[in-house]
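By convention in this document, chain letters (A, B, ...) are assigned in the order of the sequence lines, proteins followed by strands, and residues within each chain are numbered from 1.
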Amino acid sequence: MELVRQDGNSVTQSSKPAAVSVRGLTVSYGESPVVFSVDADLPLGQMTAIVGPNGAGKSTFLKAVLSIVKRLSGSVEVFGLPFEAARSKVAYVPQRASVDWDFPTRVIDVVMMGLYAELGLLGRMTGAHKLRARACLDRVGMADFAERQIGQLSGGQQQRVFLARALAQNADLFVLDEPFAGVDAATEKAIVSVLKSLRDEGRTIVAVHHDLSTVPEYFDHVLLLNRRKISEGSIADAFTQSALQEAYGGKLGAAQAPIADRA
Amino acid sequence: MSALFEALTLQSGYNAALVTIGAALLGISAGATGTFLYLRKRALVSDAVAHATLPGVGIAFMIMVAFGLDGRSLIGLLVGSAISAGLGLLAVDWITRKTRLSEDAAIGAVLSVFFGFGIVLLTIIQTMSAGRQAGLEGFLLGSTAGMLRADAVVIAVGGGLSLLALIALRRPMTLVTFDESYAQSTGVNIRRIDLAMMGLVMAVTVIGLKLVGLILVVAMLIIPSATARFWTNRTEGVVWIAGAIGGLSGWIGAAISASAPDLPTGPIIVLVAAGVFILSMVFAPGRGVVSALLRHRSFQHRVHLRQGLLALAHGEKIYDPLTLKVLSRERLIRPDGVATDEGRAVAAKALLDERRYAIARRARPEEAQSGLLDGLKPISEVLTRDELKAIDAELGPVT
């Protein structure tokens, strides 16, 4: 891909070029660091899961990468550029619970918000834009719901709409915060298949994920986090029992309990 | 009544016509501008802004008099009020960000301190020789008696400019009000957009001071958008409808006050807007009170229909008179209670949906709890096609 600046520096430690390179990232709310001195290289064109116990700073890590929360120290490069310069290539899917679903807007309007950055303040929304928004809705299986008020959707459907909005941005890096939280199995399947097809087009996926049982099935790469980095690498290298034990400690049993329920 | 008609058609004199046009323009810009404030759930900030204008009015008057100018110059007073409103706004923002106080506490503190200080200044001005005829207390509840053409022009230009700014900033404002962290990820500067939003509110407040007064201007900002929300499910819809409601309330309110002696303009405008609000709350389709009652009835109807159909499918006898009535009205049973052909077909479908719902409910207890999966609508209206396919796969061949 053209976007990667191969500057020959040892920015990336692995042989694969990194879509997101994080060095010494620390974030703190008040005076206790939520994320402490994390280095990570999330590989280009792969699906990376960010995994860790509750309160491990997974969402904060994502928000710091996206400059939504302030970094106390450290640097972030996306496609070899500072985040600000690469922003137009990045689409973010926040947690579903972060918005008021009674807001006066329809499904298709939310998807069209994904076009706002491209349109600028006064750019005209053309028929082509609307078609593109509908195509994104269709890709997540929600074309029949375009005119609904968003409050009438189920949790899984809301998550699909958020994904469609990100698709409308036509980004190369998709950053998702708990895309499978509180969604039904059919939606989980639909979202995974969209994400995998994005990866097969050469795009990079980074998602906070909390269901340990599906990590190997869905993802290529994993970053295990508990305020500090516990391990990072391919699933085979980094998603090991000992790393999980270190990340979750005594809570590992509790974290895995829902896995048994799902079966 | 004919006096009201004359006022509505701008035929009751020059001053009344000026006031009516000015009030309508102010209503449009206040209604539209207030929408984002309302949607961002920060309606009360505008009250702090409005009350914070008062010291500025007093100080501007004193400065103009000290320099030998006419203290009543509207432009001068508005500039002063804008500066002190801006300071009040910054104070609210600063207290909220730098201390652990919440925004409502900051609003309460700033509002009362600025207003109190303003009243002190007005009292001092009353004792000045130049102050007695100044009529500054008109800024509290608005006064239209001495409204000049220039005042109407100030309102028209200011309102027009704030509308243009609103149109230019509608996209980032929508993003910020709906989904703050997403907005930030696309490069929108939240603080700047919030300040712009407040700046617009401040502009509308300042130009509305003369007409409706600082105590009531908050109503012009909030009531129209709260009313508009009853009528539409789209952000743009709320903006335009709020503008229309604000404009209409301004026009009608000003005309009513012009048609009878001793009816204060600002309060009448607010009462007209409140009347539209109450009508909307009662009669609006979807979100209104009457509609909710009707919805409850149709819900009851659907419950009985579902129950009846499931009873038919299971071959059970139906006793409930309402259930029988609903079924026979839909021609699903004959008068003797036996299912028609159509009734049997619909009942079989209802039974299939019931089984599908049972699976859906088991798969997602959360939504079963919220009532989304109550099983009263055809399931194909509630779930997407692939969700339905997954359920049917689990259900297996229909027996």
Enquirer: Where the side chain of B:Asp353 meets the backbone of B:Ile379, is there a donor-acceptor pair that is under 3.5 Å apart?
Expert: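 Side chain of B:Asp353 to backbone of B:Ile379: a pair is present.
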Enquirer: Among A:Gly156, A:Ala166, A:Gly123, single out the residue with the greatest number of heavy-atom pairs under 4.5 Å to chain B.
Expert: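 Winner by heavy-atom pair count: A:Gly123.
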Enquirer: Answer with side chain, backbone, both or neither: which region of A:Asp144 has an atom nearer than 4.5 Å to a non-hydrogen atom of chain B?
Expert: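 When you check distances to chain B, only side chain atoms of A:Asp144 fall under 4.5 Å.
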Enquirer: So, B:Asp386 and A:Arg160, do they make that salt bridge, N to O below 4.0 Å?
Expert: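 Looking at A:Arg160 together with B:Asp386, the answer is yes, because their closest N to O distance falls below 4.0 Å.
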Enquirer: A:Arg106 and A:Gln149: side-chain donor and acceptor closer than 3.5 Å?
Expert: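 Distance-only check fails for A:Arg106 and A:Gln149.
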Enquirer: Mind ranking A:Arg148, A:Lys189, A:Gln152, A:Met142 by heavy-atom pairs under 4.5 Å with chain B and telling me who comes out on top?
Expert: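 Answer, by heavy-atom pair count under 4.5 Å with chain B: A:Arg148.
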Enquirer: Check whether A:Gln169 gets within reach of chain B through its side chain, its backbone, both or neither, counting any heavy atom under 4.5 Å.
Expert: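 For A:Gln169, the side chain is the part near chain B, not the backbone.
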Enquirer: Let me know if A:Asp177 has heavy atoms under 4.5 Å from chain B in its side chain, its backbone, both or neither.
Expert: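 Contact with chain B involves no heavy atom of A:Asp177 at all.
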Enquirer: Tell me, out of B:Gln184, B:Arg234, B:Glu236, who's got the most heavy-atom pairs with chain A below 4.5 Å.
Expert: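 Most heavy-atom pairs within the cutoff with chain A belong to B:Arg234.
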Enquirer: Have B:Glu387 and A:Thr187 got a donor and an acceptor in their side chains that come within less than 3.5 Å?
Expert: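 Their side chains do contain a donor-acceptor pair, which is all the 3.5 Å distance test asks for.
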Enquirer: Heavy-atom pairs under 4.5 Å with chain A are the metric here; pick the option from B:Val238, B:Val188, B:Ile190, B:Leu39 that has the most.
Expert: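 If we count pairs closer than 4.5 Å to chain A, B:Leu39 comes out on top.
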Enquirer: Is chain B contacted by the side chain of A:Ile150, its backbone, both, or neither, given a heavy-atom distance below 4.5 Å?
Expert: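 The side chain, not the backbone.
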Enquirer: When only pairs under 4.5 Å are counted, which of B:Leu169, B:Thr177, B:Thr174, B:Ile167 shares the most heavy-atom pairs with chain A?
Expert: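 Option with the greatest count: B:Thr177.
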Enquirer: Please identify, among B:Ala168, B:Gly237, B:Pro172, B:Ala390, the residue contributing the most non-hydrogen atom pairs under 4.5 Å to chain A.
Expert: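 Heavy-atom pairs under 4.5 Å are most numerous for B:Ala168.
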Enquirer: Do side-chain atoms of B:Arg229 reach the backbone of B:Thr232 as a donor and acceptor pair under 3.5 angstrom?
Expert: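 Looks like yes, one N/O pair under 3.5 Å.
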Enquirer: Return yes when atom CH2 of B:Trp240 has more than 12 non-hydrogen atoms of other residues, nucleotides or ligands closer than 6.0 Å, and no otherwise.
Expert: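 Not buried by this count: 12 neighbours or fewer within 6.0 Å.
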Enquirer: When you measure from the side chain of B:Ser291 to the backbone of B:Gly286, do you find a donor-acceptor pair of N or O atoms at a distance under 3.5 Å?
Expert: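 At least one qualifying donor-acceptor pair exists.
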Enquirer: For the residue pair A:Phe103 and B:Phe178, does the interplanar ring angle fall in the parallel (under 30°), tilted (30 to 60°) or perpendicular (over 60°) class?
Expert: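 Answer is tilted, since the angle falls between 30° and 60°.
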Enquirer: Looking at A:Ala186, A:Gly151, A:Ala117, A:Ser154, which one has more heavy-atom pairs under 4.5 Å with chain B than the rest?
Expert: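 Result: the option with the highest number of such pairs is A:Ser154.
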Enquirer: Just by distance, with hydrogens left out, do A:His129 and A:Thr126 show a side-chain donor and acceptor under 3.5 Å apart?
Expert: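 Yes, because at least one side-chain N or O of A:His129 sits under 3.5 Å from a partner of the opposite role on A:Thr126.
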Enquirer: Side chain, backbone, both or neither: which part of A:Phe145 has a heavy atom under 4.5 Å from chain B?
Expert: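 A:Phe145 touches chain B through side-chain heavy atoms alone.
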Enquirer: Non-hydrogen atoms of chain A under 4.5 Å away: do they reach the side chain of B:Lys41, the backbone, both or neither?
Expert: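 B:Lys41 touches chain A through side-chain heavy atoms alone.
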Enquirer: Name the region of A:Val110, side chain, backbone, both or neither, that has any atom closer than 4.5 Å to a heavy atom of chain B.
Expert: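 The side chain, not the backbone.
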Enquirer: Checking side-chain polar atoms at under 3.5 Å, does A:Glu178 have a donor or acceptor matched by the opposite partner on A:His210?
Expert: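 A donor-acceptor contact under 3.5 Å links the two side chains.
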Enquirer: Ignoring hydrogens and geometry beyond distance, is a side-chain donor-acceptor pair present between A:Ser197 and A:Arg139 at under 3.5 Å?
Expert: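 Side chains of A:Ser197 and A:Arg139: pair found under 3.5 Å.
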Enquirer: Give, as side chain, backbone, both or neither, the part of A:Met125 having an atom under 4.5 angstrom from any heavy atom of chain B.
Expert: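 When you check distances to chain B, atoms from both the backbone and side chain of A:Met125 fall under 4.5 Å.
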Enquirer: Highest number of heavy-atom pairs under 4.5 Å with chain B: which of A:Arg165, A:Lys63, A:Gln157?
Expert: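 The residue among A:Arg165, A:Lys63, A:Gln157 with the greatest pair count is A:Arg165.
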Enquirer: Hey, which of B:Arg171, B:Arg170, B:Glu180 has the most heavy atom pairs under 4.5 Å with chain A?
Expert: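 Winner by heavy-atom pair count: B:Arg171.
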Enquirer: Quick one: which of A:Leu119, A:Leu66, A:Leu153, A:Val175 has the most heavy-atom pairs under 4.5 Å with chain B, could you say?
Expert: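 The option with the most such pairs is A:Leu119.
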